[in-house]
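Hydrogens, waters and symmetry mates play no part in the numbers below; they use all other heavy atoms, side chains included.
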Amino acid sequence: MSLAAEAFVSQIAAAEPWPEKATLYQPLKEDQILLSDSASSLAVQTFLRMCGLPVQVSCCANAEYMSPSGKVPFIHVGNQVVSELGPIVQFIKAKGHSLSDGLDDVQRAEMKAYMELVNNMLLTAELYIQWCDDYTATEISRPRYSSPYSWPLNHILAYQKQWEVRRKMNAIGWSGKSLEQVYEDVSQCCQALSQRLGTQPYFFNKQPTELDALVFGHLFTILTTQLTNDELAEKVKSYTNLLSFCHRIDQTYFKEHDRESQVS
Amino acid sequence: MGTVHARSLDPLPMQGPELGVQADDMDLGEPEQEEKQEVLENKDVVVQHVHIDGLGRTKEDILTYEVADVFRAKNLIDVMKKSHEARQKLLRLGIFRHVEVVIDTTEGADALPNGLDVTFEVKELRRMTGSYNTMVGNNEGSMVLGLKLPNVFGRAEKLTFQFSYGTKETSYGLSFFKPQPGHFERNFSINLYKVTGQFPWSSLRETDRGVSTEFSFPIWRTNHTLKWEGVWRELGCLARTASFSVREESGHSLKSSLSHTMVIDTRNSTILPRKGALLKINQELAGYTGGDVSFLKEDFEIQLNKTLFWDSVRCCGGNYCLCLFIAVFYLGGPTSVRGYSMYSIGPQSEGDYLGGEAFWAGGLHLYTPLPFRPGRGGFGELFRTHFFLNAGNLCNLNYGEGPRAHLSKLAECIRWSYGAGIVLRLGNIARLELNYCIPMGVQSGDRICDGVQFGAGIRFL
């Protein structure tokens, strides 16, 4: 379809209300999903909860291939399939829900800048640790990634994914970095986030925005995922306000919400 | 070239005719004009030597099986007949460009008065032949390179390689074929391939990388093939607008299957046969030898041809296929049920056809030469007019019910069509059709192509 036709179709779709049966697709939670995908998926789930939009989470072994852009998570809403946090935020905005309406232009630009920081630093560091660190790749990433498939397909797909990520790291210049340098980068990113957050409840004071969802997604996943060592989690733990930020969002949007839906 | 290999009776492992001298063979020296008729019909002869001229890399042991029969000839007519059969056998090995037969009387010290020498003058195919083509079509351009090595190790083994490099997709195929010496119909082959395909009727794109080995052998009048195949299949959506059911199928899967095919083919040609019948039964079982796909697939095909008055041929055929656990069959189009769009019968979701687990299709055709027979005896022979009646149905199985429910499900909502058209035969491989079709029994969701429909292909219903 041409760009104009696609824009037209998405305009039509945007006019429809949020359906009951919206679904979010991600790889299998127990055996297959990796740190970076889990973080992205949690970020989208948090964003949808913050907007008050119900969504079912469905785990499929082939979620990565079902996605139109090749990245998880993606949501299936009515007839539309949208993947990754950025496009999903746009899509939800077209439906009339937005968390960043109250921000002025300067704040919006700042929010975008911090989101870029998280994507370029935290997400890339996660990918690096998963696929470029040989020990982690052999012990965790490859076995998990290939668990739904049988021999010899599992080895082929795992190595294919590893080469692809390593090529990408090469292209952005991260292949020369050592693990220590990557941990340092993570620490610096967390420091920047911590400074911006300060003592406020959310990044832009009283109301949560998509930046909060994104940061929560990544930090909470780092804190709760078991890797080969605890260094990454330690880097995040050293910033206490980030810790309490994660705790607060978890309480407000996940634990409270689930308790409420159980009671009602 | 020009090596002469002489074979005489004794060292051969097979039986040769006796060396006894016949009583009435002393007439060779007599005046030949009166005895010419006699010599041809009654004269008992003994084939003493069979030479094969022109061998290079071919090993002799496979050839001895093919020419062994010539020694059993008793008279001259027999010698000529058996030499002709041996020539056919040598040609079907696929290693010679041409084979000539020369029959002459024996000369030399051990020559018998009624002894004959049969010489096969052969020219071997070149060690390697290659081809290079460029193809343009379907919004894609590609370069195709082909290599063929006939008779690689000297015993009629064949190695072929084909590689296609295109703007959108690349594919390749490597195949090794080896017949059993002395029994050409018993052979095995190993194939390695990667093929890609696009299926707009389902908005699906498929890439298959596979390896297969197969054994073929004849049993009485039937031909059997046993095959193991391992395929890595990758499915993807062709467009962003693909339906979600198709999107759910995307991803990778591995199939490891065993299959058995039995074929009885007495037709005189595969394209536009005039007489004969074909029966083909195929089973495929996947999942027990590895892989993550399990299914059982059955396929029955039957075709009967009979020549009627005035050179017309009546052909009726049928096809029934069944697959447990997976919907893999599509129906419709100019090569199966005419009058419907390509593979556009059966369950569909948002315009994409999902296929079904079982189908049947049948056809009744009447082929006649073109009216008024233009170009008779030449170009006009490639054309035929044809009248057809096609029917078929495709559905998914319901595993809870029994076979009777399955049969009744296939018998309801039958799609059928009739019409007439012109058929053109392309060599011995393919056929083009231009038909006027009237589809009937159309169900909601099917896409029809009523009116003129064009089809090209190899296998037609």
Open item on the list: Would you say the rings of A:Tyr253 and A:Phe47 are close, in the sense that their centroids are separated by under 6.0 Å?
Closed with: no
TODO: Can you see which heavy atom on B:Val452 is nearest to which on B:Cys449, and at what distance?
DONE: O-SG, 4.1 Å
Task: Largest heavy-atom contact set with chain A, pairs under 4.5 Å, which of B:Ser253, B:Gly251, B:Ser250 - done: B:Ser250
Task: Main-chain N/O of A:Asp37 paired to A:Ser41 side chain as donor or acceptor, under 3.5 Å - done: no
TODO: Would you mind checking which part of B:Ser256 comes under 4.5 Å of any heavy atom in chain A, side chain (CB onward), backbone (N, CA, C, O), both or neither?
DONE: neither
Task: Interface residues of residues 51-75 of chain A facing chain B - non-hydrogen atoms under 4.5 Å apart - done: A:Asn62, A:Tyr65, A:Met66, A:Ser67, A:Pro68, A:Phe74
- [ ] Mind checking side chain to side chain contact (heavy atoms under 4.5 Å, CB included) for B:Phe153 and listing every partner two or more places apart, or none if nothing turns up?
- [x] B:Glu157, B:Phe176
TODO: Would you name the heavy atoms of B:Asn282 and B:His260 that are closest together and state the gap between them?
DONE: OD1-O, 3.1 Å
TODO: Please report the C-alpha distance between B:Arg415 and B:Gln443 in whole Å, then the side-chain angles of each, then the deciding distance to 0.1 Å, and finally whether the side chain to side chain donor-acceptor pair (under 3.5 Å) criterion is met.
DONE: CA-CA 8 Å; B:Arg415 282 92 161 162; B:Gln443 304 297 316; 5.5 Å; no
- [ ] Please say which of B:Arg205, B:Glu206, B:Glu169 ends up in a side-chain hydrogen bond (donor to acceptor under 3.5 Å, both in side chains) with B:Gln198.
- [x] B:Glu169
- [ ] With a 4.5 Å heavy-atom cut-off (strictly below), which parts of residues 113-139 of chain A touch chain B? List them by number.
- [x] none
Task: Any donor-acceptor N/O pair, B:Ser336 side chain to B:Gly332 backbone, under 3.5 Å - done: yes
- [ ] Give a yes or no on whether the ring-centroid distance for B:Trp201 and B:Tyr343 is below 6.0 angstrom.
- [x] yes
Task: Side-chain donor or acceptor of B:Ser202 paired with backbone N/O of B:Phe199 under 3.5 Å - done: no
TODO: Indicate whether the side chain of A:Gln32 and that of A:Ser147 have a donor and an acceptor atom separated by less than 3.5 Å.
DONE: no
- [ ] Tell me, for B:Glu249 versus chain A, whether the close heavy atoms (under 4.5 Å) come from the side chain, the backbone, both or neither.
- [x] backbone
Task: Where B:Leu322 and B:Ala358 come nearest, the two heavy atoms and their spacing - done: CD1-CB, 3.8 Å
Open item on the list: What residues of residues 149-160 of chain A make heavy-atom contacts with chain B at a cutoff under 4.5 angstrom?
Closed with: A:Tyr149, A:Ser150, A:Trp151, A:Pro152, A:Leu153, A:Ile156, A:Leu157, A:Gln160
TODO: Mind running side-chain contact (heavy atoms from CB on, under 4.5 Å) on B:Tyr193 and B:Leu174 for me, showing each step along the way?
DONE: CA-CA 6 Å; B:Tyr193 59 89; B:Leu174 177 71; over 6 Å; no
Task: Side-chain (B:Lys178) to main-chain (B:Asn187) donor-acceptor, under 3.5 angstrom - done: no
